[in-house]
Amino acid sequence: MNLSDDLAWRGLIKDKTFEPKWLDTPRKFYLGIDASSDSLTIGNLAIITLARRLAEAGWSAVMLAGGATSLVGDPGGKHEERELKPKSEIERNIEGVKAQIEQLFAGQRHEMVNNLEWLGELKYLDFLRDIGKNFSMTELMQREFVDTRMGESGAGISYAEFSYSLLQGYDFWWLFKNKDVQLQIGASDQWGNMLSGVSLIRKKETSEAHALSMPLVVNKATGRKFGKSETGAIWLDPKRTSPTQFYQFWINVDDADVEEYLKIYTLLPKEAVNELMGQQKKTPQERPAQIALAGEVTAMVHGVEANKFAQSVTDYLIGKSPIAEVSEAALKEIRIALPNIKAQPGISVIEALVESGLAASNSDARRLAQSKAVYVNDQQFTKDHLEAGDFKNGRLMLRRGKAYKDSALIELA
RNA sequence: GCAGGGAUGACGGAGCGGUCAAUCGUACCUGACUGUAAAUCAGGCGGCCUACGGCCUACGGGGGUUCAAAUCCCUCUCCCUGCACCA
């Protein structure tokens with residue numbers, strides 16, 4: 001299947017400035033990544049996976065870290081002005097984000113650039129004359145982000161954030177001129193910014209350059225944007241979200257979403273996805289689609305070894321492999337992957353829940369205990385204390401709730 | 001600058017001197033039913049405790065009035081709406 005058909009089938013094309021067939025001749029494209037945090041989330045992963053697809057279809061990839069643009073802050077999709085981040089923090093963020101992109105592009109040819117390289121030395125007056133002159137204020141004012149921020153109930157917008165779109169347009173133009181980049185890809189909230197570049201190139205170079213946006217990934221069950229909420233964020237950084245937690249997240253995906261995620265987040269071809277969805281329909285309780293999804297995505301983000309390990313930890317979680325018989329080597333890894341504490345026999349369940357982070361406070365832990373939400377080694381647990389006999393070989397699995405993802409390892413001190 | 005209006009828990013939004021740890025909705029957590037799914041129903045949802053009870057901290061910041069304040073007064077900060085100023 002050629003690239004344009006594949007992307008259409010996966011639902012990855014929202015807006016574009018070209019005929020679909022144009023995609024099928026490989027050229028050079030770029031994807032800009034914001035550096036507002038030191039780690040990417042699965043929200044960013046969707047678009048990076050799209051970049052991977054283009055690369056595998058023969059396109060040359062330029063990955064742009066927004067060292068300069070992050071200093072200003074993208075107003076797109078935000079309801080109020082952002083806090084400016086210190087420069088040192090953004091530099092750190094860039095390093096973190098770069099490393100993750102390297103991992104995701106392992107074995108694929110790609111180029112990393114930082115727009116600080118050219119935006120950093122840009123002179124303001126030159127910018128106004130060369131770039132500013134090419135933007136119509138009328139057009140800019142009609143942009144949705146400006147409109148919502150400046151409208152009746154808007155929170156206002158600063159000149160700095162307002163100018164963001166022009167900077168991004170400049171990026172595209174610079175890359176077009178200096179690196180022969182002909183396409184920019186991004187999530188649909190970047191559409192306006194991408195068009196800034198397209199029209200700037202048209203005006204200044206009288207040449208064609210194009211933009212492609214993909215839809216924002218939405219949780220079908222709740223209708224909400226995916227991976228955006230602060231607390232529930234799933235990070236690519238294993239220090240923030242361990243590979244096991246990462247794997248568990250995908251295992252736990254709703255049935256309604258799993259097909260879409262397979263298309264967006266894995267490189268599995270159409271036939272394989274259809275095959276999986278067939279099985280999913282027949283035996284949903286075995287969760288074949290979720291298992292495939294979790295395996296594919298974890299392997300891509302954290303590597304094949306980490307994926308294997310996450311799968312084996314899952315076997316311990318669901319009691320398929322008894323935790324009492326875990327090998328010393330695996331145990332070491334589990335201590336990293338799961339919340340874990342050392343305890344004396346006789347420790348109260350409340351204390352164990354709080355210490356391990358499964359409960360937020362003593363009150364919270366008491367509520368959980370009262371509602372019979374405590375499990376030890378996959379069995380409902382109603383006693384107040386963990387006795388010596390509850391530990392098998394000096395350890396046990398403590399769990400909050402019925403789903404396996406909120407588990408912790410408790411070991412005898 | 002002047003005049004009005006506003007700031008309440010994760011969010012939206014009630015309350016306008018005691019019965020307010022604060023109605024309600026959403027989000028979130030747990031239980032039942034299931035499949036580590038969804039929907040539905042039920043319970044919970046500031047913290048702490050030797051708990052059908054008690055204590056602490058909270059309604060933008062600070063100060064006051066009162067036996068008693070989220071509720072009244074003063075003041076500061078920020079936001080909104082008009083008007084004025086500036087073009």
Side-chain angles (χ1 to χ4, degrees), chain A residues 77-81 83 137 148-158 218-234 242 244-262 276-277 279-295 297-298 310-321 323 337-339 348-351 353-382 384-385 397-408:
Chain A
K78 297 279 173 210
H79 294 295
E80 46 192 51
E81 190 84 7
E83 289 282 321
M137 206 60 200
T148 54
R149 290 275 289 270
M150 298 194 37
E152 289 217 6
S153 54
I157 184 167
S158 69
V218 170
N219 181 322
K220 283 211 181 69
T222 58
R224 289 171 66 223
K225 258 193 238 171
F226 180 64
K228 281 280 181 184
S229 83
E230 290 296 316
T231 47
I234 304 294
S242 78
T244 300
Q245 290 165 330
F246 188 84
Y247 182 87
Q248 283 293 317
F249 170 82
W250 296 105
I251 284 285
N252 217 16
V253 161
D254 299 353
D255 285 10
D257 289 325
V258 72
E259 180 170 5
E260 187 186 339
Y261 294 173
L262 280 169
L276 278 167
M277 290 317 296
Q279 290 174 25
Q280 181 73 16
K281 260 210 171 111
K282 264 184 257 158
T283 54
Q285 67 280 11
E286 282 169 25
R287 308 171 77 78
Q290 279 92 341
I291 289 169
L293 174 68
V297 181
T298 308
Q311 288 179 10
S312 73
V313 172
T314 296
D315 288 343
Y316 289 110
L317 290 181
I318 62 177
K320 196 170 152 196
S321 319
I323 189 70
L338 293 181
S348 76
V349 170
I350 304 297
E351 198 182 338
L353 284 168
V354 173
E355 289 271 309
S356 61
L358 294 180
S361 68
N362 288 356
S363 310
D364 190 27
R366 289 200 173 87
R367 274 175 225 126
L368 289 170
Q370 272 163 21
S371 53
K372 298 195 176 76
V374 181
Y375 292 78
V376 166
N377 294 331
D378 206 23
Q379 298 292 317
Q380 202 166 58
F381 193 79
T382 49
D384 291 339
H385 298 272
M397 276 289 186
L398 182 68
R399 192 170 92 226
R400 175 194 81 192
K402 208 176 34 141
Y404 296 101
K405 56 188 195 306
D406 301 307
S407 296

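Chain letters run A, B, ... following the sequence lines, proteins first, then strands; residues in each count from 1. Everything quoted here is computed from the prediction, not taken from an experiment.
In this structure, A:N362 places its CG atom 17 Å from C1' of B:G54, rounding to the nearest Å. At whole-Å resolution of the value, CD1 in A:I251 and C1' in B:A38 are 17 Å apart. Rounding to whole angstrom units, CG of residue A:D406 and C1' of B:C29 are separated by 10 Å. The interatomic distance linking A:D384 (CG) with B:U50 (P) rounds to 12 Å, in whole Å. Rounded to whole angstrom, the span from the CZ atom of A:R400 across to the P atom of B:U30 amounts to 5 Å. Straight-line distance from the CH2 atom of A:W250 to the C1' atom of B:A37: 16 Å, rounded to whole Å. Rounded to whole Å, atom P of B:U36 lies 14 Å from atom CG of A:D315. Spacing between atom CG of A:L317 and atom P of B:U36 amounts to 13 Å, rounded to whole angstrom units.
Summarising the base pairing, B:A42 is matched to B:U30 through a Watson-Crick or G-U wobble pair whose two defining distances lie under 3.5 Å. The partner of B:C24, taking Watson-Crick or G-U wobble pairs whose two distances both stay under 3.5 Å, is B:G12. Remark: B:G60 base-pairs with B:C76. Criterion, Watson-Crick or G-U wobble with two distances under 3.5 Å. Of all nucleotides present, only B:G47 satisfies the Watson-Crick or G-U wobble test against B:C55, with each distance under 3.5 Å. Shown here, B:A3 forms a base pair with B:U81; the pair counts as Watson-Crick or G-U wobble because both key distances fall under 3.5 Å. Using N1 to N3 plus N6-O4 or O6-N4 for Watson-Crick, or N1-O2 and O6-N3 for G-U wobble, each under 3.5 Å, B:U65 pairs with nothing.
Note that OH of A:Y316 and CG of A:D378 are 15.0 Å apart. Values are rounded to the nearest 0.5 Å. Between the CG atom of A:L338 and the CD atom of A:Q245 there is a distance of 7.5 Å, given to the nearest 0.5 Å. Between the CG atom of A:D315 and the CD atom of A:Q311 there is a distance of 8.0 Å, given to the nearest 0.5 Å. Atom CG in A:D406 sits 9.5 Å away from atom CG in A:L368 (nearest 0.5 Å). To the nearest 0.5 Å, atoms CD (A:Q248) and CD1 (A:I234) are separated by 11.0 Å.
For the residue pair A:D255 and A:Q290, a side-chain donor N or O sits within less than 3.5 Å of a side-chain acceptor on the partner.
In this structure, A:Q280 and A:D364 both approach RNA chain B, and ranking their closest nucleotides by distance from the 5' end singles out A:Q280.
Taking every side-chain heavy atom of A:S363 into account, B:C48 is the closest of B:C48, B:A37, B:G35. Distance from the side chain of A:R367 is smallest for B:C45 among the nucleotides B:G35, B:C45, B:C49. The side chain of A:R366 has B:U50 as its nearest neighbour among B:U36, B:G31, B:U50. Closest to the side chain of A:Q380, out of B:A37, B:U36, B:A32, is B:A32. Of the candidates B:A32, B:U36, B:C29, the closest approach to any side-chain atom of A:L368 belongs to B:C29. Considering only side-chain atoms of A:S361, the nucleotide from B:U36, B:G35, B:G47 that sits closest is B:G47.
Distance noted for atom C1' between B:G62 and B:G13: 27 Å (whole Å). Nucleotides B:G63 and B:A84 have their P atoms positioned 40 Å apart, rounded to a whole Å. When the P atom is used for both B:G15 and B:U71, the distance is 14 Å, rounded to whole Å. Between the C1' atoms of B:A70 and B:A37, the separation comes to 43 Å (whole Å). When the C1' atom is used for both B:A7 and B:G12, the distance is 14 Å, rounded to whole Å. Between the C1' atoms of B:U23 and B:C2, the separation comes to 38 Å (whole Å). Of the P atoms belonging to B:C79 and B:C85, the separation is 23 Å, rounded to the nearest Å. The same atom, P, is picked in B:G54 and in B:C73; the two are 33 Å apart, to the nearest Å.
In this structure, A:T283 reaches neither bases nor backbone, as no heavy-atom distance under 4.0 Å exists between it and the strands shown. Nucleic acid contact for A:E286: none, since no nucleic acid atom lies under 4.0 Å from a heavy atom of the residue.
For B:C74, the base is anti relative to its sugar; the glycosidic angle deviates from 0 by more than 90°.
Residue-to-nucleotide contacts include no donor-acceptor pair under 3.5 Å from the side chain of A:Q370 to the base of B:U30.
For the pair A:S356 (side chain) and A:L353 (backbone), a donor-acceptor distance under 3.5 Å is present.
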